[in-house]
Amino acid sequence: MKQHIQSLFQHAFDQLQADNVIPADHQAVIRIERTKDASHGDFACNLAMMLAKKARMKPRDLAEKIIAALPNSEAVDKVEIAGPGFINLFLTSNASHSAITTILEQKQTYGLSQIGAGKSVLIEFVSANPTGPLHVGHGRGAAYGAALADLLKAAGYNVSKEYYVNDAGRQMDILAASIWLRYLDLCGESFTFPSNGYQGDYVWDIAATLHRENQDKYRHAASDVFADVPADEPDGGDKELHIDGLINKMKQLLGEQTARDVLQLGLDAILGDIEHDLGQFGVTYDEWFSEYSLTSNNLVSKAIDQVKDGGFTHEQDGALWFKSSDFGDEKDRVLVKENGALTYLASDIAYHANKLERGFDILINIWGADHHGYIARLKAAIQALGADASKLQVLLVQFATLYRGQEKLQMSTRSGKFVTLRELREEVGKDAARFFYVQRKAEQHLDFDLELAKSQSNDNPVYYIQYAHARICSVFRELSEKGGEWDIAKADLNRLDTSHEAELIKLLSRFPETVENAAKAYEPHQLTYYLRDLAQAFHTYYNAHKFLVDDAELSQSRLSLCKAIQQVLQNGLTIIGVSAPEVM
RNA sequence: GCGCCCGUAGCUCAGUUGGAUAGAGCGUUGGCCUCCGGAGCCAAAGGUCGGACGUUCGAAUCGUCUCGGGCGCGCCA
C-alpha cells in the first residue's frame with residue numbers, strides 16, 4: 001500500500017517536472033510516512049515542503065499543485081493539506097480492510113520481504129572460547145544473532161549462521177593441561193593444581209571420562225611432571241610461566257599427538273555442551289568453523305603471505321608486523337611474534353580470507369562491546385586482502401547487567417550464583433530470556449531483571465504478548481465449543497468500523513514495513529515494540545467489544561480480524577525466537 | 001591522553017533516519033461487566049529530550065564545543 005501511494009506521488013512529481021513547475025534536473029526522494037495521529041489520515045507526504053524552495057512557491061500552494069497532479073486511485077478516499085504543507089491521505093475502508101484478507105491468504109509468509117533477495121550474508125556470533133560452559137554474558141549475543149539471522153531471512157537474504165571455534169592456541173593448551181592434571185589426581189597422584197588452570201567442575205567430569213576410558217595409560221608421577229617447572233604465583237613465581245611449563249611437560253611426556261587427543265576429548269565435551277545449550281535456547285548454526293583447521297591446512301601462513309605480497313607488512317624487533325595503520329588503524333599489529341608463534345589476529349585474517357572466498361556479499365560479526373578496539377585492524381585486514389571494508393559489518397552488543405529485583409548480581413565465577421546461560425534459561429524460561437535479550441537495541445546497556453522476566457503480569461512484556469495470542473486461540477476454542485465455525489465468506493469487513501478496529505487494521509498493515517525497517521537497521525528490538533503495541537491494541541479491543549455475538553456477519557468479521565492478529569503475532573514472535581502458545 | 005557507545009518522565013526504555021501537540025511500560029493515584037481467559041481494560045498526575053552555540057521553513061534526531069556514565073587502547077585470546 002505504501003508503495004502504491006509512493007508511485008502516485010512519483011507520477012505527480014514527474015507531471016510537475018514536465019510542466020516546469022519544478023526544475024527538470026531536480027531529483028527528489030519521495031518519502032511517504034505513516035501518520036501518528038488518525039486525524040492526519042493514514043499516510044502523509046512532505047514533498048511540498050521539500051520542493052517549495054526549488055519551485056519558488058509557498059509549500060501550501062505547491063501542495064495544491066501536487067494534489068491536482070495526483071492520479072486517481074481506488075484506494076484513496078480523500079487528500080488534505082495540513083499544517084505547514086503536509087499532504088495527508090485517507091484510505092478508503094476497502095483499501096484498509098484488504099490488509100486482513102492479505103494476512104489470511106499469506107499466513108506465515110505475511111510480512112516477508114524481498115529487499116535482501118539474491119544477497120548472501122554470513123552471521124558469525126557467540127564464538128565463545130570452548131574452555132567452559134556459556135555464561136549469561138554470551139546470551140545476549142546468542143539471542144541477538146539468532147533473531148537478526150531470522151530477521152534477515154524474513155527480509156529475503158540468504159543467511160548462514162556460523163560459530164567460530166577457537167580450538168587452537170594457548171587457552172586450549174591450558175584446558176588440556178587442566179584436564180590431564182585432574183586425570184592424574186584421579187589416578188592417585190597428589191600435587192597442587194595450578195592457579196591459572198581451569199578450575200570448573202566440568203574439567204573434573206572430562207578427566208573422569210579420560211580415566212574411565214584409559215585407566216592409567218597416560219599416568220606419570222607428579223614429581224616428574226612438576227620437575228623443572230617454574231614456580232606458581234602463590235609460591236612466589238609467575239602463574240603464566242608455571243602453566244606454560246606444565247603444558248610443555250605434558251607434550252613432552254605424552255607426545256604431541258596424545259596431548260592433542262586429550263585436548264580433543266575436552267573440546268568435544270565442552271563444544272557438545274555449548275551446542276546443546278544453544279539448541280535449548282533456540283539457537284542453531286549452519287557451520288561450526290574450526291580455527292585449528294586453518295592452521296593444520298596451512299591457511300594461516302597462506303593468508304600471511306597474501307598480506308605480505310601486497311606489501312602490507314614489515315619486520316621489526318624480530319617480529320612480522322601488519323601495516324594496518326595504512327588503512328586507518330591507530331598502529332601496526334604483530335602477525336608473527338618474535339618467538340615465531342602466530343598471533344590471534346593472524347588466524348583471524350586467515351578466517352576472514354576464507355569467509356571472503358566463500359563468496360558472501362555481507363559478513364556480519366557480532367561481538368561484545370569490549371572488543372570494539374579490534375574492529376579497525378580487522379577492517380584493515382579485509383582491505384589488505386583486496387576486499388571492500390564495508391563488506392564487514394561488526395555489530396557490537398553492550399553488556400547485560402543481571403538484577404534480581406533491586407539487587408545487582410555479580411557475575412563472577414567465584415560467587416557461584418547464576419553464571420551460566422543454562423541456569424538463566426532454567427530459571428526464567430527460554431521465551432522470556434530470548435525476549436529480554438533482544439528488547440533493547442544492541443548498543444544500549446541492558447538491565448536484565450530476573451524477577452520481572454519470571455513475573456506473570458503486565459510488568460512482563462513477554463507474557464503480555466503471548467497472552468494476547470493465547471486469548472485469541474481461546475476465543476476460537478469457545479466458538480467451536482458453542483458449535484460455531486469461522487468462515488470469512490460470511491463476513492463483511494466493512495462492519496469493522498469502530499476506532500479500535502481501525503487502529504488494529506492500521507497496525508497490522510504496518511507489519512511488513514516494520515520487518516523491513518528492522519532488517520535494514522539490524523534492529524530486532526523494533527519487532528518487540530511493534531508486538532507490544534499490537535498486543536495492547538488487541539487487549540483494548542477485547543475489553544471493549546464482544547466477538548461471539550448473535551449478529552453473524554459482525555461476529556464473522558471480528559473473528560477474521562482476530563485471526564489476522566493472531567497470525568501477525570505468531571509471525572513476529574517466531575522471528576525473535578519466542579513461541580506463540582495457544583494456552584498458557 | 002586518544003578512540004567507540006550511551007545521557008529523553010521518579011525507574012527501565014521507544015522515538016518510523018530532519019516533521020505536526022516528544023511516546024510506552026513499571027511505580028503512584030482513582031475506577032471496570034455474575035459476560036469470549038482479570039496474566040486483562042479505562043483514566044489522572046509526571047518533561048528545559050544532560051548543557052551551550054550553530055545549520056533551516058522545522059532539531060530529541062545533523063555539526064562543533066562542553067559536562068556526566070560505560071568500555072577499549074598487549075608480540076593475550
Side-chain angles (χ1 to χ4, degrees), chain A residues 31 33-37 39-40 44 46 49-50 52-53 58-59 82-86 88 129 131 166 168-172 240 291 316-321 330-331 333-339 341-345 347-348 368-376 396 398-399 401 403 406 439-447 449 452 455-464 466-468 470-479 481-482 510 513-514 516-518 520-521 525-526 528-530 532-533 535-536 538-549 555 558-559 562 583-584:
Chain A
R31 289 204 52 194
E33 290 178 334
R34 295 276 181 181
T35 55
K36 287 177 197 164
D37 191 327
S39 68
H40 296 144
N46 62 358
M49 287 182 289
M50 304 280 287
K53 209 172 224 177
K58 288 181 188 166
F86 289 101
N88 292 334
N129 275 343
T131 51
N166 297 119
R170 184 157 170 272
Q171 293 306 317
M172 289 310 293
E240 306 290 347
E291 179 188 3
Q316 190 188 316
D317 305 331
L320 182 72
W321 295 71
E330 315 176 334
K331 51 187 255 189
R333 311 290 175 178
V334 171
L335 293 176
V336 184
K337 299 182 217 172
E338 193 180 355
N339 65 9
L342 299 167
T343 60
Y344 182 79
L345 177 63
S347 48
D348 227 7
D370 53 335
H371 286 76
H372 68 76
Y374 199 79
I375 298 174
L396 296 176
Q398 293 289 337
F399 296 121
T401 312
Y403 287 84
Q406 294 297 315
Q439 80 175 329
R440 300 280 176 250
K441 309 193 227 225
E443 60 263 33
Q444 270 283 1
H445 291 271
L446 172 70
D447 286 341
D449 185 348
L452 184 58
S455 77
Q456 303 195 336
S457 74
N458 194 12
D459 315 4
N460 189 333
V462 192
Y463 288 126
Y464 185 79
Q466 289 183 323
Y467 181 49
R471 231 177 181 181
I472 294 172
C473 293
S474 147
V475 169
F476 281 87
R477 276 194 301 274
E478 181 70 19
L479 172 70
E481 270 171 33
K482 286 181 174 169
R510 229 183 62 195
E513 293 159 38
T514 305
E516 239 175 66
N517 289 336
K520 278 186 205 158
H525 81 273
Q526 290 189 21
T528 66
Y529 282 92
Y530 171 83
R532 223 210 73 87
D533 287 348
Q536 179 171 50
F538 171 74
H539 285 308
T540 300
Y541 182 42
Y542 182 92
N543 274 273
H545 302 283
K546 212 159 181 266
F547 312 144
L548 303 177
V549 291
S555 182
R558 288 181 172 171
L559 287 170
C562 286
V583 285
M584 294 173 66

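Everything numeric in this text was worked out from a predicted model, so none of it was measured. Throughout, a chain's letter reflects where its sequence line sits, starting with A, and its residues are numbered from 1.
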Over all strands shown, is A468(A) touching base, sugar-phosphate only, or nothing at heavy-atom distances under 4.0 angstrom?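 Counting heavy atoms under 4.0 Å across all strands, no contact is made by A468(A).
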
Whole-Å distance separating the CG atom of D449(A) from the P atom of rC11(B): 16 Å

Using a cut-off of strictly less than 4.0 Å, decide whether Q444(A) has a side-chain nitrogen or oxygen near OP1 or OP2 of rA14(B). yes

If you define the side chain from C-beta out and look only at heavy atoms, does anything of T343(A) sit under 4.5 Å from R333(A)? no

For A544(A), report the nucleic acid contact type (base, sugar-phosphate, nothing); a contact means any heavy atom under 4.0 Å.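 Nothing: the residue A544(A), judged by heavy atoms under 4.0 Å, touches no strand.
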
Does the side chain of K337(A) get closer than 4.0 angstrom to OP1 or OP2 of rA77(B) through an N or O atom?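 True: K337(A) side-chain N/O within range (under 4.0 Å) of rA77(B) OP1/OP2.
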
Looking at rA45(B), which nucleotide sits across from it as a Watson-Crick or G-U wobble partner, both distances under 3.5 angstrom, or is there none? none

Expressed as a whole number of angstroms, how long is the span from Y464(A):OH to rC13(B):P? 21 Å

With a 3.5 angstrom cut-off on both distances, give the Watson-Crick or G-U wobble partner of rG68(B), or none if there isn't one. rC6(B)

With no angle test and no hydrogens, is the base of rC71(B) tied to the side chain of H372(A) by a donor-acceptor pair under 3.5 Å? yes

Between rC71(B) and Q398(A), is there an OP1 or OP2 to side-chain N/O distance shorter than 4.0 Å?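 So the side-chain polar atoms of Q398(A) never come under 4.0 Å of the phosphate oxygens OP1 or OP2 of rC71(B).
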
Tell me the interatomic distance from L446(A), atom CG, to rG69(B), atom C1', rounded to whole angstroms. 17 Å

Are R510(A) and Y530(A) in a cation-pi setup, meaning NZ or CZ lies under 6.0 angstrom from the ring centre and within 45 degrees of the ring axis? no

Would you mind reading off the distance between R440(A) atom CZ and rA24(B) atom P, rounded to a whole angstrom? 16 Å

Please check the phosphate of rA20(B) (OP1 and OP2 only) for any side-chain N or O of K36(A) closer than 4.0 Å. yes

Does rG1(B) pair with anything, Watson-Crick or G-U wobble, both distances under 3.5 Å, and if so, with which nucleotide? rC73(B)

So which nucleotide does rG54(B) pair with, by the Watson-Crick or G-U wobble rule with both distances under 3.5 Å? rC62(B)

Do the side-chain N or O atoms of T540(A) get closer than 4.0 angstrom to the phosphate oxygens (OP1, OP2) of rC42(B)? yes

Could you give the OH-to-P distance, from Y541(A) to rC41(B), as a whole number of Å? 16 Å

For a quick check, tell me whether the side chain of D370(A) and the base of rG72(B) share a donor-acceptor pair closer than 3.5 Å. no

May I ask you to say what V583(A) touches in the nucleic acid, namely base, sugar-phosphate or nothing, with a heavy-atom cut-off under 4.0 Å?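 Base contact - V583(A) has a heavy atom under 4.0 Å of at least one base atom.
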
With heavy atoms under 4.0 Å as the rule, sort E240(A) into base, sugar-phosphate or nothing.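 E240(A): no heavy atom of the nucleic acid under 4.0 Å.
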
Under a 3.5 Å cut-off for both contacts, is rU16(B) paired Watson-Crick or G-U wobble with anything, and if yes, with which nucleotide?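 Looking at the geometry, rU16(B) pairs with no nucleotide.
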
Nearest whole Å is fine: how far is rC75(B) C1' from D317(A) CG? 9 Å

Using a heavy-atom cut-off of 4.0 Å across all strands, would you classify F547(A) as base, sugar-phosphate, or nothing?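 Base contact - F547(A) has a heavy atom under 4.0 Å of at least one base atom.
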
From the options rG40(B), rC36(B), rC6(B), select the nucleotide whose nearest atom is closest to the side chain of V475(A). rC36(B)

Under 4.0 angstrom, heavy atoms only, what part of the nucleic acid is F476(A) near: base, sugar-phosphate, or nothing? nothing

OP1 or OP2 of rC2(B) under 4.0 Å from side-chain N/O of K331(A): no

Does the side chain of E33(A) reach to within under 4.5 Å of the side chain of H40(A), using non-hydrogen atoms?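 No, every pair of side-chain atoms sits at 4.5 Å or beyond.
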
Can you say whether a donor on the side chain of D348(A) sits under 3.5 Å from an acceptor on the base of rA77(B), or the other way round?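 No pair found.
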
Sort out the partner of rA39(B) for me: Watson-Crick or G-U wobble, both distances under 3.5 Å, none otherwise. none

Could you tell me whether E513(A) contacts a base, only the sugar-phosphate backbone, or nothing, with contacts defined as non-hydrogen atoms closer than 4.0 Å? nothing

D370(A) versus L396(A): any side-chain heavy-atom pair under 4.5 Å?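 No, their side chains stay 4.5 Å or more apart.
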
Parallel, tilted or perpendicular: which describes the rings of F547(A) and Y542(A), with under 30° parallel and over 60° perpendicular?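 Correct class here is perpendicular.
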
Write down the distance between OH (Y374(A)) and P (rC76(B)), rounded to a whole number of angstrom.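 Checked: the OH to P distance equals 12 Å.
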
Could you let me know what rG25(B) is paired to, Watson-Crick or G-U wobble, both distances under 3.5 Å, or none if it's on its own? rC11(B)

Under 4.0 angstrom, heavy atoms only, what part of the nucleic acid is A52(A) near: base, sugar-phosphate, or nothing? nothing

Would you classify E338(A) as touching base, sugar-phosphate or nothing, given that sugar-phosphate means primed atoms plus P, OP1 and OP2, and contacts are heavy atoms under 4.0 Å? base

Check whether the aromatic ring of F86(A) stacks on the base of rA20(B), taking stacking as ring centres less than 5.5 Å apart and planes within 30° of each other.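 According to the criterion (under 5.5 Å, under 30°), yes, F86(A) stacks.
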
Side-chain N,O (Y463(A)) to OP1/OP2 (rG25(B)) below 4.0 Å: no

To the nearest Å, give me how far apart NE2 (H525(A)) and C1' (rG25(B)) are. 15 Å

